[in-house]
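Structure first, then comments.
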Amino acid sequence: MRTVGPACTLGEGPLWHPLRGQLFWFDIPVGRLYACDVDGENLQNWDLGEPASAAGWVDAHTLIVATASGLNKLDIETGKQQLIVGIEADNPITRSNDGRIGPDGSFWIGTMGLQAEPRVGAFYRYTEGGLTKLIDEVSIPNATCFSPDGRAAYLADTMRQIIWRWNLDVNGAPSGEREIHINMRDKNLNPDGAVCDAEGFLWNAQWGASRVARYAPDGRLDRIIELPISQPTCPAFGGKDLKTLFITSAKQGLSAKKLKSELNAGKTFALEIDVPGLREHQAKL
């Protein structure tokens with residue numbers, strides 16, 4: 001296991017860009033986007049001007065980026081942003097959090113309180129037709145990912161300690177009622193970001209538990225990867241064969257004593273694993 005990039009206050013939203021061969025990730029509260037290659041070399045960064053948390057790739061030169069006030073097109077070469085749609089831009093206490101591009105090219109994105117105020121956020125889905133609210137009264141939206149066949153979405157509210165499964169129709173929209181997929185309340189685990197691998201297993205970072213856990217399609221716990229930090233935030237697959245697992249983390253809220261024992265808190269970890277991930281879907285604007 002190795003680390004790449006600087007220690008972030010709240011590292012989040014790792015995204016492997018398949019055309020550029022780069023990992024992108026965010027330090028949410030400072031509004032900074034980072035990128036590097038698979039070995040952690042050629043580090044780049046962009047100041048986005050406000051808290052920012054998640055992205056999807058549009059083409060070799062463009063990202064769609066979720067910030068506190070909306071979704072923006074980001075020109076990777078120039079750093080210029082162009083607003084696509086506002087999201088709770090008139091609500092000063094919320095910001096974006098976890099998000100991912102769906103199988104149809106839509107952007108699923110969650111919002112939450114700047115101070116993690118209970119149930120002030122929501123889940124949204126953006127398509128070329130506009131923005132749709134999917135779930136309201138969300139506290140900390142997380143674990144947004146999709147099954148390899150494109151027929152199911154996974155979502156979590158960290159404070160509720162539940163990951164849901166939601167069937168998708170042929171257009172990539174949620175269909176029917178979402179179901180409890182993994183209930184973590186009995187073990188007092190806090191589901192953070194997640195991603196699915198090529199076998200349909202879900203890898204979930206668990207805030208406060210110093211681990212990433214892999215769950216089978218039926219919700220059964222398959223394996224645990226222990227980490228030397230307490231606050232992992234989100235996994236992502238990268239590298240040429242998509243067998244490098246990147247894991248962002250946070251140092252936010254840790255005491256001075258805790259930081260001395262977690263020297264790599266806030267850094268992004270990388271390790272090689274035995275199963276490939278999925279290529280991230282291309283955003284359609």
Side-chain angles (χ1 to χ4, degrees), residues 7-14 25-33 48-55 65-71 86-100 107-124 133-145 154-164 178 180 182-195 204-213 227 229-235 247-256 258-259 262 265-268:
C8 295
T9 301
L10 178 53
E12 256 290 8
W25 74 101
F26 297 85
D27 192 346
I28 293 180
V30 301
R32 190 164 296 277
L33 172 66
L48 301 177
E50 63 177 340
S53 62
V65 173
T67 69
S69 60
L71 299 181
I87 302 178
E88 299 180 6
D90 58 348
N91 188 340
I93 73 164
T94 62
R95 64 163 173 84
S96 64
N97 198 51
D98 188 71
R100 193 178 300 275
F107 198 168
W108 294 53
I109 183 68
T111 62
M112 62 175 284
L114 288 167
Q115 305 301 322
E117 294 89 343
R119 304 198 176 196
V120 300
F123 276 106
Y124 295 88
K133 182 183 285 189
L134 302 177
I135 309 172
D136 60 9
E137 296 189 355
V138 175
S139 297
I140 304 179
N142 264 312
T144 311
C145 59
Y154 299 98
L155 303 167
D157 187 339
T158 301
M159 282 192 178
R160 297 183 190 184
Q161 298 181 307
I162 286 173
I163 296 178
W164 294 290
R178 64 187 188 276
I180 293 176
I182 305 168
N183 189 335
M184 301 184 180
R185 289 174 179 167
D186 60 338
K187 299 189 181 300
N188 196 29
L189 293 169
N190 302 306
D192 209 302
V195 67
N204 178 239
Q206 295 172 348
W207 179 274
S210 303
R211 72 185 212 174
V212 168
L227 299 167
I229 45 88
S230 59
Q231 296 178 162
T233 55
C234 190
I247 305 162
T248 50
S249 72
K251 61 180 180 179
Q252 180 174 275
L254 296 179
S255 66
K258 191 71 171 173
L259 287 170
E262 294 187 25
K267 290 192 175 181
T268 299

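Everything numeric here is computed off the predicted structure, so don't read it as measured data.
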Find the distance between [atom1] ([X]) and [atom2] ([Y]) and round it off to the nearest 0.5 Å.
X: F107; Y: I87; atom1: CZ; atom2: CD1; value: 7.5 Å
X: L114; Y: T94; atom1: CG; atom2: OG1; value: 7.0 Å
X: I93; Y: E88; atom1: CD1; atom2: CD; value: 9.0 Å
X: L254; Y: E262; atom1: CG; atom2: CD; value: 5.0 Å

**Asked** Checking side-chain contact (heavy atoms from CB on, under 4.5 Å) against N97, which of I140, I109, T158, T111 comes through?
**Response**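 For N97, the side-chain contact (heavy atoms from CB on, under 4.5 Å) check succeeds only for I140.
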What is the minimum heavy-atom distance between [X] and [Y], and which atoms define it?
X: L48; Y: A52; answer: CD1-CB, 3.4 Å
X: W25; Y: C8; answer: NE1-SG, 3.8 Å
X: P235; Y: G193; answer: CD-O, 3.3 Å
X: P232; Y: L227; answer: CB-CD1, 3.6 Å
X: E117; Y: V120; answer: O-CG2, 3.5 Å
X: A66; Y: S96; answer: O-OG, 3.3 Å

With distance as the sole test, does [X] use its side chain to make a donor-acceptor pair with the main-chain N or O of [Y] at under 3.5 Å?
X: S249; Y: Q231; answer: no
X: Q252; Y: L10; answer: no
X: D98; Y: A143; answer: yes
X: E50; Y: T67; answer: no
X: S53; Y: I28; answer: no

**Request:** Please test T248 against F26 for side-chain contact (heavy atoms from CB on, under 4.5 Å), starting from the C-alpha separation and ending with a verdict.
**Result:** CA-CA 9 Å; T248 50; F26 297 85; over 6 Å; no
Contact check, side chains of [X] and [Y], non-hydrogen atoms, under 4.5 Å:
X: R160; Y: R185; answer: yes
X: S139; Y: P118; answer: yes
X: N204; Y: Y154; answer: no
X: C234; Y: R100; answer: yes
X: F123; Y: T144; answer: yes
X: M184; Y: Q206; answer: yes
X: P14; Y: T268; answer: no
X: E12; Y: N142; answer: yes

**Residue that, paired with Q161, satisfies side-chain hydrogen bond (donor to acceptor under 3.5 Å, both in side chains) out of N183, N188, D186** =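 Of the listed options, the one satisfying the test is N188.
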**Message:** As a quick check of understanding, evaluate side-chain contact (heavy atoms from CB on, under 4.5 Å) for W164 and I180, giving each step before the final call.
**Reply:** CA-CA 5 Å; W164 294 290; I180 293 176; 4.1 Å; yes
**Message:** Working note: I229 + K267, criterion side-chain contact (heavy atoms from CB on, under 4.5 Å); need CA distance, chi angles, decisive distance, verdict.
**Reply:** CA-CA 9 Å; I229 45 88; K267 290 192 175 181; over 6 Å; no
